[in-house]
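To start, the structure itself, in structure tokens.
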Amino acid sequence: MPALSSSDLVAPPPAPRPVEVTDLDAYRRLHAQSLADPEGFWRERIAPFRWTRPPDRILEGDGPGARWFVGGQLNVADNALDRWVDEGHGDRTALIWESEGVDHLRRPLETRQYSFRELRDAVARAAGALRDLGVRQGDRVTVYLPIVPELPIAMLACARLGAVHNVIFAGFPDQALLDRIEDSQSRVVVTADGGYRGGKAIALKSVVDAAARRTSLVEKVLVLRRTGEPVGWTPGRDHWWHEALERATPAAPVPVASDAPLFVMYTSGSTGKPKGITHGTSGYLVHTALTALHAFDLRPGDVNWCTADPAWITGHTYTVYGPLLSGAATVLFEGVLGFPDWDRAWDVVERHRPAVLYSTPTLVRAWLRQGDAGPRERDLSSLRLLASVGEPISPSVWHWFRDVVGGGRTPVVDTWWQTEAGAAMIFPLPYVTPAKPGSATLPFFGVDPAIADAEGRLLDGEAAGQLVIRRPWPGMLHGIWGSPERYRDTYWKSVPGAFVTGDAARRDADGYVWIVGRTDDVIKVNGHRLGTAEIEGAVVSHPAVSESAVVGVPDERSGEAVLVFVVLKPGFSADAELESGIVHAIEAMVGKLARPRELRFLKALPKNRSGKILRRMLREWAVTGKVTGDTTTLDDASALPPSTDGELVDHVQRGIE
Ligand code: WTA
């Protein structure tokens, strides 16, 4: 095995308790085995899960149609809850929730804790209530809840019935909710009267009502009482959560086949239509549970705090399923971590004493900006491991996180993965892999990343290009809901035999992977994935707008920020009212997450001869003030004069009416 060569290596801290993989050579051997002999590698590792029927084969097929753990049957909720109760861990804490609101001593107004037994019972009852509403195995249930215990309870209740949950971020507007209800064909929606976020009560039931008015699909709405605000009511369709659960008899877990869908998670891609990324049962469970062990060292009795909202993939996998499948407790925080101020996170750590804190570079930067006093004044000694996801973490932020929050003792596990991946794919083994701050390092077992050039040829050794995954991995998506062709075309076409991640990356001489950013029209704002095409669709819905191009530009706070270029129809001119009208259209159709940092008005958009908008050119101009690339493909020379930077700026400035 070649020794690692770089000078930027940071030695991992010693393991605080015995770990399965003790050194880098052992990791390399196991990784090679996981690729060469999946049967031998996974068979023993899946034994601890409770299979109603063990799989006949570990892996069948290749490419988009590959299937894991074929012939197996189990239930994910049974493995996350009942298994622990039956094995004698029923009294252990499973879920710790605290409200966003605090009193004058910064104590949460409400906290709730569930043991594994209590959570199992709550989930069984909620599953009974869903069954009473007609939910059966394979049915999709849209969940539009604030961050309260009932959110993971609703997810697990669906899983218990073999139903497919489709969780929608509670900040999305009715249009986004409606699109996702319709695309997934959900007849049942679980929501609340409202929720608390950023110190405010937000209405949710009225958003569901607005969406449901525009479709005949929604037959039943289960409504949790959270804020107590008055809500509209449609008799026969709407049911209170507390009444339905009281009436219900607990439902037993329904065993389902390994490749039965567990959930749909909508995420943005290159087109205006979000994709319903569909995950299956056993592969997702195995990948999730084993990364919870190997990336975060989670074991029964540990406390985990993943700051991700359960409505995103990180929340599905590491706020809900990962810790519970590991027998660990998960901390659930109700709202926005900047409330009442950014020190709130340290209060939460001090109060609930998590061993693991898993967050995003955006949040870590927000904490860092406040200075060191908050974390230094609190007792953060429970933290054993810090981790990050969603964007590249810069070395200075990495070091601050480890030294100030982790007291210099903890690893920082930079995990690369994506909604499509199901669970973490590239990350350092916390006590084994030397870190290089800013690199996600080396692949997890079963994961075979490669770098391809623009033509789809795989590159050897040190290389930069598209990040692809050369073979199926256990947590791999099963498809895009309702769109098998789109699934194959988006992910499995441009590089033969490989899954195309949509990320650009570099592999260094040590084989470490460095994520550079997206190669498609997806941007990352506060760690959230947004499609530029979705935002453009909202901008052009404004009656004054003729055309629009949206680009992401680097932003100290949010990672990337949304910049909107607008071409107005003749007779309209840009003013404050028109600007706020466009911003409103974006918020109403895509959501507040997509709120632009800036609007710029142009006379025309730069396009190539086949009419494709040259977003890269606009982005370069926005970031650097000039355009250096090849402009000879421009269709309309007047849209972007190719000669000098000065002319371009002049042109654009003249374009502002
Ligand atoms: C980016 C979140 C750099 C990447 C789990 C990916 C990262 C997209 C990292 C997926 C990381 C995720 N370093 N970039 N450690 N992790 N990304 O679907 O561009 O919300 O493709 O899944 O986030 O975002 P998604």
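Whatever order the structure lists them in is the order used to number ligands and atoms, beginning at 1. Worth saying up front: this structure is predicted, and the values here are computed from it rather than measured.
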In terms of its nearest heavy atom to atom 17 (N) of ligand 1, the top option of Ala387, Gly390, Gly559, Ser388 is Gly390

If we number the atoms of ligand 1 from 1 as shown, the ones under 4.0 Å from a heavy atom of Thr415 are 9 (C), 11 (C), 15 (N), 16 (N)

Ser258 (side chain) donor-acceptor with Phe69 (main chain) under 3.5 angstrom: yes

Of all protein heavy atoms, the one nearest atom 10 (C) of ligand 1 is Gln418 CB, 3.4 Å

query: Can a cation-pi geometry be assigned to Arg507 and Tyr512, taking NZ or CZ under 6.0 Å from the six-membered ring centre and within 45° of the ring axis?
result: no

Atom 12 (C) of ligand 1 has as its nearest protein heavy atom Trp417 O, 3.3 Å

Practice task
Kindly assign one of parallel, tilted or perpendicular to the pair Trp492 and Phe499, based on the angle between their ring planes and the thresholds 30° and 60°.
Solution key: perpendicular

Do ligand 1 and Thr314 have nitrogen or oxygen atoms that lie under 3.5 Å from each other?
-> no

Salt bridge Asp555-Arg597, side-chain N to carboxylate O under 4.0 Å:
yes

For Asp414, the atoms of ligand 1 under 4.0 Å from one of its heavy atoms are 11 (C), 15 (N)

For the pair His165 and Tyr321, name the ring-plane relationship: parallel under 30°, tilted 30 to 60°, perpendicular over 60°. parallel

Among non-hydrogen protein atoms, atom 6 (C) of ligand 1 lies closest to Asp503 OD2, 3.2 Å

Going by the 4.0 angstrom heavy-atom rule, the piece of Lys524 near ligand 1 is side chain

Per-atom filter on ligand 1: closer than 4.0 angstrom to a heavy atom of Pro392 are 3 (C), 13 (N), 14 (N)

Taking only non-hydrogen atoms of Thr419 and a 4.0 Å limit, the atoms of ligand 1 in range are 18 (O), 20 (O), 22 (O), 25 (P)

In ligand 1, the atoms that come under 4.0 Å of a heavy atom of Val389 are 5 (C), 16 (N)

Exactly one of Val495, Asp503, Asp448 clears side chain to side chain contact (heavy atoms under 4.5 Å, CB included) with Val468, and that residue is Val495

- Task: For ligand 1, find out whether one of its N or O atoms is nearer than 3.5 Å to an N or O atom of Arg529.
- Result: yes

Please step through salt bridge (Lys or Arg N to Asp or Glu O under 4.0 Å) for the pair Glu391 and Arg518, ending with a clear verdict. CA-CA 10 Å; Glu391 319 151 53; Arg518 299 286 306 186; over 6 Å; no

Test of ring centre spacing under 6.0 Å for Trp97 and Phe333: no

